[in-house]
Asks: 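Quick one: the structure is below, questions incoming.
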Amino acid sequence: MEQLSAVVGRSADQLLVRPLSPALGAEIVGVDLAEQLDEGTFEKIREAWHRGLVILLRNQTLSEEDEVRFAERFGPPAVLQSKQFMRTHPAVMLISNIREDGKPIGALPDGEMQFHTDQCYVERPAMASMLYAIEVPKSGGNTLFANGYTAYETLPEDIKRRIAGRLALNAYDYDNASTIRGAAVRNDAPSYVHPVVRTHPATGRKALYVNRLMTRRIEGLPPEESEEILNFLFAHQERAEFIYEHVWRPGDLLMWDNRCTLHARTDFSPNERRLMRRVTILGEKPM
Ligand code: SIN
């Protein structure tokens with residue numbers, strides 16, 4: 001019996017989906033990602049993800065391989081550009097403030113981060129990002145998720161008209177603290193121009209695709225007008241009613257859709273350890 005369940009895995013009717021907040025998010029209960037998932041169960045998870053934008057599976061005990069195997073069900077994991085914080089698999093990276101011999105063992109080590117979407121400065125940004133919590137601080141270091149569909153749908157009609165068909169420059173050029181939106185873009189900073197509003201290829205819904213951390217300007221507009229519109233969009237998309245704040249527990253596996261959400265991180269004490277394992281999944285060129 002034991003052996004059979006390892007081969008066949010969980011069946012879809014053992015799975016429960018419950019909302020995480022009015023803004024977005026779905027918790028999936030009754031699934032152990034260390035086991036093989038049958039097609040029916042996986043389809044229910046994917047559907048919950050498209051509806052919820054963010055999915056959470058608690059109490060998981062996952063090896064690197066388990067996390068990658070789950071990620072691969074959605075699409076090819078994005079291989080890391082820099083090997084600095086890579087684990088055994090070329091798509092697995094640590095996010096951590098832990099230092100060994102004075103050097104961080106992971107990326108994005110410290111404190112607060114402004115709202116952003118992952119890899120928006122490349123031609124094919126990550127479709128999804130997955131974080132698995134190994135060690136978490138007693139307080140803070142929460143991840144905030146904002147609903148990009150609702151942000152777009154609730155915009156005033158005149159703003160929708162002003163941004164229709166516009167492109168914006170996204171650049172990876174923020175300071176280490178990730179809280180300051182710089183004025184100029186370094187010439188050698190990785191950057192890419194993407195639509196201000198993108199259409200999700202699976203749901204067909206439109207989402208706002210700019211963010212405070214990395215979107216620098218709307219192309220083709222005078223700088224003051226571009227700044228005025230961007231500041232309006234940032235404040236709008238970060239409204240409390242569009243946000244779910246995730247308070248981490250060790251064993252949480254959380255996956256978000258970068259095509260229709262933004263995320264940010266709250267501050268936490270440098271004296272507390274935070275250790276996460278991240279896998280991102282390659283996406284398509286935003287349209
Ligand atoms: C990230 O922005 O990918 C990291 C988020 C976090 O550390 O909570």
Side-chain angles (χ1 to χ4, degrees), residues 20-21 23-25 53-58 60 67 71 74 77-82 84-87 91-99 104-122 125-148 170-181 190 209-215 234 237-238 243-270 272-283:
L20 284 170
S21 78
L24 55 74
L53 290 57
V54 169
I55 50 170
L56 168 69
L57 294 99
R58 291 212 190 261
Q60 302 292 316
E67 196 176 339
F74 294 87
V79 168
L80 302 172
Q81 304 291 318
S82 157
Q84 195 183 2
F85 301 119
M86 195 182 98
R87 308 309 287 165
V92 180
M93 177 164 92
L94 290 185
I95 305 287
S96 184
N97 65 341
I98 299 170
R99 265 102 177 152
I105 63 164
L108 310 176
D110 301 312
E112 187 184 353
M113 287 192 77
Q114 296 197 103
F115 274 98
H116 62 282
T117 60
D118 290 332
Q119 301 160 11
C120 59
Y121 50 85
V122 300
M127 129 198 336
S129 304
M130 198 178 268
L131 274 188
Y132 174 59
I134 300 168
E135 290 185 64
V136 302
K138 279 198 289 294
S139 65
N142 303 337
T143 309
L144 308 171
F145 295 95
N147 188 326
N170 300 283
Y172 179 67
D173 189 19
Y174 50 83
D175 74 337
N176 203 31
S178 312
T179 52
I180 299 160
R181 186 165 171 268
Y209 193 63
V210 291
N211 66 84
R212 196 182 285 279
L213 186 63
M214 290 189 264
T215 306
F234 298 152
Q237 69 189 167
E238 296 171 9
I243 290 175
Y244 163 65
E245 178 166 1
H246 185 65
V247 180
W248 291 95
R249 295 185 206 156
D252 284 356
L253 183 290
L254 193 143
M255 186 175 98
W256 62 89
D257 192 329
N258 283 300
R259 301 167 294 186
C260 53
T261 63
L262 302 119
H263 58 284
R265 185 171 70 193
T266 64
D267 204 6
F268 59 101
S269 165
E272 293 219 54
R273 289 163 66 100
R274 190 175 189 270
L275 177 61
M276 309 270 175
R277 209 166 52 207
R278 183 171 104 161
V279 177
T280 58
I281 301 164
L282 186 63

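For ligands, and for the atoms within them, numbers begin at 1 and follow the listed sequence.
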Asks: Around atom 2 (O) of ligand 1, find the nearest protein heavy atom and jot down its residue, atom name and distance.
Replies: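 For atom 2 (O) of ligand 1, the nearest protein heavy atom comes out as H116 NE2, 2.9 Å.
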Asks: Could you list which atoms of ligand 1 come closer than 4.0 Å to a heavy atom of I95?
Replies: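 Listed by number with element, the hits are 7 (O).
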Asks: Considering all heavy atoms of both residues, which atom of P137 and which atom of E272 are nearest to each other, and what is their separation?
Replies: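 Closest approach of P137 to E272: CA-OE1, 3.5 Å.
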Asks: Taking atom CZ of R249 as the centre, report whether more than 12 heavy atoms of other residues, nucleotides or ligands fall under 6.0 Å from it.
Replies: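 No.
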Asks: For M276, which part has a heavy atom under 4.0 Å from ligand 1: side chain, backbone, both, or neither?
Replies: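 Within the 4.0 Å criterion, M276 makes no contact with ligand 1.
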Asks: Among R265, H263, Q119, which residue places a heavy atom closest to atom 1 (C) of ligand 1?
Replies: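 When every heavy atom of R265, H263, Q119 is considered, H263 comes closest to atom 1 (C) of ligand 1.
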Asks: Could you verify whether a donor N or O on one side chain and an acceptor N or O on the other, from D118 and S129, lie under 3.5 Å apart?
Replies: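 Yes - a donor-acceptor pair under 3.5 Å links their side chains.
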Asks: If the cut-off is 4.0 Å to any non-hydrogen atom of T143, which atoms of ligand 1 fall inside it?
Replies: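 Listed by number with element: 6 (C), 8 (O).
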Asks: Tell me: protein heavy atom nearest atom 4 (C) of ligand 1, and distance?
Replies: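 Going atom by atom, the protein heavy atom closest to atom 4 (C) of ligand 1 ends up being L108 CD1, 3.7 Å.
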Asks: Check whether any side-chain N or O of Q237 sits under 3.5 Å from a backbone N or O of V210 as a donor-acceptor pair, and report yes or no.
Replies: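 The answer is yes, because a donor-acceptor pair under 3.5 Å joins these two groups.
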Asks: Quick one: nearest non-hydrogen protein atom to atom 3 (O) of ligand 1, plus distance?
Replies: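 Sorting protein heavy atoms by distance from atom 3 (O) of ligand 1 puts R278 NH1, 2.9 Å first.
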Asks: Just to verify, which of L108, N142, L144, D110 counts as forming a side-chain contact (heavy atoms from CB on, under 4.5 Å) with R265?
Replies: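 Exactly one pass, corresponding to L108.
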Asks: For the pair F145 and Y244, name the ring-plane relationship: parallel under 30°, tilted 30 to 60°, perpendicular over 60°.
Replies: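 Answer is parallel, since the angle falls under 30°.
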Asks: For atom 5 (C) of ligand 1, what is the nearest protein heavy atom, given as residue, atom name and distance?
Replies: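 Checked against all protein heavy atoms, atom 5 (C) of ligand 1 sits closest to L131 CD1, 4.1 Å.
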Asks: By number and element, which atoms of ligand 1 are closer than 4.0 Å to a non-hydrogen atom of R274?
Replies: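 It comes down to these atoms of ligand 1: 6 (C), 7 (O), 8 (O).
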Asks: For the 3.5 Å polar cut-off, considering only N or O atoms, please tell me whether W248 and ligand 1 meet it.
Replies: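 No - when backbone and side-chain N and O of W248 are compared with those of ligand 1, no distance drops under 3.5 Å.
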Asks: Side chain to side chain contact (heavy atoms under 4.5 Å, CB included), that's the test. Do M255 and V279 meet it? Break it down for me.
Replies: CA-CA 9 Å; M255 186 175 98; V279 177; over 6 Å; no
